[in-house]
Amino acid sequence: MNVNATRDYFLDLQARIVARLETLDGQPFRRDEWTRPEGGGGISRLIEEGNVLERGGVNFSHVKGDKLPPSASAGRAEIAGRAWEAMGVSLVLHPRNPYAPTVHLNVRMFVAHAPSDRAAEDAWWFGGGMDLTPYYGFEEDAIHFHRTCRDALAPFGADVYPKYKRWCDDYFYLRHRKEPRGIGGIFYDDLAEGGFDRCFTLTKSVGDHFLDAYPPILARRSGTPFGERERDFQAYRRGRYVEFNLVWDRGTLFGLQSNGRTEAILMSLPPIVKWRYDWKPAPGTPEARLYTDFLVAKDWLDGS
């Protein structure tokens with residue numbers, strides 16, 4: 001296990017992603033370096049009211065603690081109470097244009113250190129993934145995103161992408177709404193199979209492929225003309241994003257329980273959101289097509 005190499009990779013990934021997004025947006029990202037009293041800290045890179053991105057954050061964190069929070073040791077009684085450290089890159093981007101989808105990426109490593117008075121080893125694992133949340137769906141975007149996810153995982157076995165796609169579909173699901181958050185992507189957690197080098201290499205491949213998966217979609221859609229109708233629907237659908245992150249997302253819960261920087265944890269929330277009571281789009285409209293054609297289980301590799 002090489003914690004330093006992992007940290008160096010995550011910092012480099014953050015820098016490369018921010019540089020690409022600054023080129024696309026034309027505005028710089030703010031830098032906010034923070035520490036937490038319990039140990040560790042991070043670097044948040046934020047943009048608000050950009051030319052392309054209405055709000056976005058690309059966060060690096062490396063936090064440590066003397067005792068695991070409950071959300072991290074749930075289902076793992078053997079590591080409860082251990083000293084720990086977690087590091088990774090997490091981003092959420094909310095474009096201004098309703099025809100450009102919201103995107104999420106997370107790549108991370110977690111270590112639960114063995115107590116010094118016991119004959120035990122450190123427990124470690126990787127996790128991560130990326131998923132796409134359109135407001136107005138385009139098949140070519142969905143196919144491109146999923147094919148890039150598949151390419152990221154192809155070197156690690158033909159069964160890995162289908163497994164991680166299903167995992168993503170299951171995880172990013174609003175159970176109280178009985179609908180998916182978006183068109184999915186890939187998601188994995190508790191990855192230790194095959195040893196450290198394999199798991200680290202897989203995680204690096206996921207992080208590196210984000211630059212192929214999302215920026216081309218953002219560049220293609222950010223200039224599409226739109227009006228108040230599209231902005232209104234975007235704000236309504238953004239409400240689903242807020243609901244998932246505040247009700248179901250384990251990363252949000254872990255960050256708050258571990259006393260991370262609240263502003264960095266909640267940077268995933270969009271700046272303008274609307275809710276309506278029991279509203280549904282009229283049949284046959286572009287808004288209805290999101291539900292009928294995109295928020296459904298589908299093999300996006302070939303669009304079927």
Side-chain angles (χ1 to χ4, degrees), residues 9-10 12-27 29 45-48 50-60 88-108 127-154 161 164-165 168-169 171-172 180-188 202-224 234 237-238 241 244-245 251 267-270 290 294-295 298 300-301 303:
Y9 169 74
F10 288 143
D12 178 67
L13 178 66
Q14 181 193 37
R16 286 186 285 127
I17 291 174
V18 169
R20 181 74 174 276
L21 294 173
E22 287 180 334
T23 298
L24 285 171
D25 189 275
Q27 295 290 333
F29 275 58
R45 302 298 308 275
L46 276 294
I47 186 170
E48 293 181 312
N51 296 319
V52 173
L53 297 170
E54 191 169 17
R55 188 163 199 248
V58 185
N59 293 340
F60 164 80
V89 170
S90 181
L91 71 78
V92 175
L93 305 174
H94 292 291
R96 184 181 306 279
N97 193 311
Y99 290 103
T102 287
V103 72
H104 162 254
L105 165 78
N106 179 265
V107 281
R108 60 191 180 274
M130 53 178 140
D131 65 286
L132 198 68
T133 304
Y135 306 101
Y136 290 88
F138 295 91
E139 287 191 358
E140 64 179 302
D141 293 351
I143 293 170
H144 167 81
F145 190 83
H146 274 274
R147 286 180 177 174
T148 308
C149 289
R150 174 202 60 192
D151 294 345
L153 299 173
Y161 166 78
Y164 289 1
K165 178 191 182 297
C168 185
D169 290 341
Y171 182 75
F172 292 105
R181 187 170 79 173
I183 63 157
I186 51 176
F187 177 85
Y188 63 100
L202 185 151
T203 298
K204 287 190 292 184
S205 187
V206 171
D208 293 344
H209 276 79
F210 174 81
L211 291 166
D212 298 323
Y214 182 71
I217 296 174
L218 181 62
R220 183 161 58 238
R221 302 300 170 198
S222 59
T224 305
Q234 178 194 45
R237 286 300 309 175
R238 280 174 169 178
Y241 211 88
F244 181 86
N245 281 25
M267 64 86 193
S268 63
L269 304 184
L290 176 72
F294 290 88
L295 299 183
K298 186 176 282 194
W300 284 111
L301 294 182

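Just so it is clear, the structure is predicted and the values come from calculations on it, not from any experiment. Keep in mind that the numbers below use all heavy atoms, side chains included, and drop hydrogens, waters and symmetry copies. The residues of the chain are indexed from 1 along the displayed sequence.
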Distance, nearest 0.5 Å, that separates SG of Cys149 from CZ of Phe210: 10.0 Å
Can you list the residues that meet the side chain to side chain contact (heavy atoms under 4.5 Å, CB included) rule with Ser90, with sequence neighbours excluded? His104, Asn106
Measure the NZ-NZ distance between Lys298 and Lys165 for me, rounded to the nearest 0.5 Å. 10.5 Å
Within the 3.5 Å criterion, strictly below it, is a donor on Tyr9 or Asp208 matched to an acceptor on the partner's side chain? yes
Hey, does the side chain of His146 reach the backbone of Ile186 with a donor-acceptor pair shorter than 3.5 angstrom? no
Counterpart residues, side chain to side chain contact (heavy atoms under 4.5 Å, CB included), relative to His144 (two or more places apart): Thr148, Pro216, Ile217
Looking at residues at least two apart in the chain, or sitting in another chain, which of them share a side chain to side chain contact (heavy atoms under 4.5 Å, CB included) with Thr133? Thr102, Asp131, Arg181, Tyr241
Could you walk me through whether Arg16 and Leu13 satisfy the side-chain contact (heavy atoms from CB on, under 4.5 Å) test, starting with their C-alpha distance in whole Å, then the side-chain angles of each, then the deciding distance to 0.1 Å, before giving a yes or no? CA-CA 5 Å; Arg16 286 186 285 127; Leu13 178 66; 3.7 Å; yes
Please walk me through it: do Val58 and Ile17 pass side-chain contact (heavy atoms from CB on, under 4.5 Å)? CA-CA 8 Å; Val58 185; Ile17 291 174; 4.2 Å; yes
For Thr224, is there any backbone N or O sitting under 3.5 Å from a side-chain donor or acceptor partner on Asn97? yes
Is Leu46 close to Asn59 at the side-chain level, that is, under 4.5 Å between some pair of heavy atoms? yes
Using 30° and 60° as the class limits, which term best fits the ring planes of Phe244 and Tyr171: parallel, tilted or perpendicular? perpendicular
For the student: nearest non-hydrogen atoms of Ala152 and Ser205, plus distance: O-OG, 2.7 Å
Does a side-chain N-to-carboxylate-O contact under 4.0 Å join Arg147 and Asp151? no
Which heavy-atom pair separates Cys168 from Gly185 by the least distance, and what is that distance? SG-N, 3.3 Å
Smallest heavy-atom separation, His94 atom then Leu269 atom, equals NE2-C, 3.9 Å
Judged by atom type as modelled, is there a donor-acceptor pair below 3.5 Å linking the side chain of Tyr99 to the main-chain atoms of Arg220? no
Tell me the closest heavy-atom pair linking Ser222 and Val52, and the distance in Å. CB-CG1, 3.7 Å
Quick one: closest heavy-atom pair of Ala100 and Arg221, and the distance? CA-CB, 3.8 Å
Measuring from Asp141:CG to Trp300:CH2, what's the distance to the nearest 0.5 Å? 10.0 Å
When rounded to the nearest 0.5 angstrom, what distance separates CG in Leu53 from CZ in Phe29? 5.5 Å
Contacts of Arg237 that satisfy side chain to side chain donor-acceptor pair (under 3.5 Å) - sequence neighbours left out: Glu179, Tyr291
Looking only at heavy atoms, which two atoms of Pro95 and Leu218 are closest? And how far apart? CG-CD1, 3.8 Å
Heavy atoms, side chains only, cut-off 4.5 Å: are Pro180 and Asp169 in contact? no
Contacts of Tyr164 meeting side chain to side chain donor-acceptor pair (under 3.5 Å) (sequence neighbours excluded), chain-then-number -> none
So, taking the atom named CE in Met130 and the one named NE2 in His209, what distance separates them when rounded to the nearest 0.5 Å? 7.5 Å
Partners of Thr203 by side chain to side chain donor-acceptor pair (under 3.5 Å), sequence neighbours excluded? Tyr188
Rounded distance (nearest 0.5 Å) linking atom OH of Tyr135 with atom CZ of Arg238: 5.5 Å
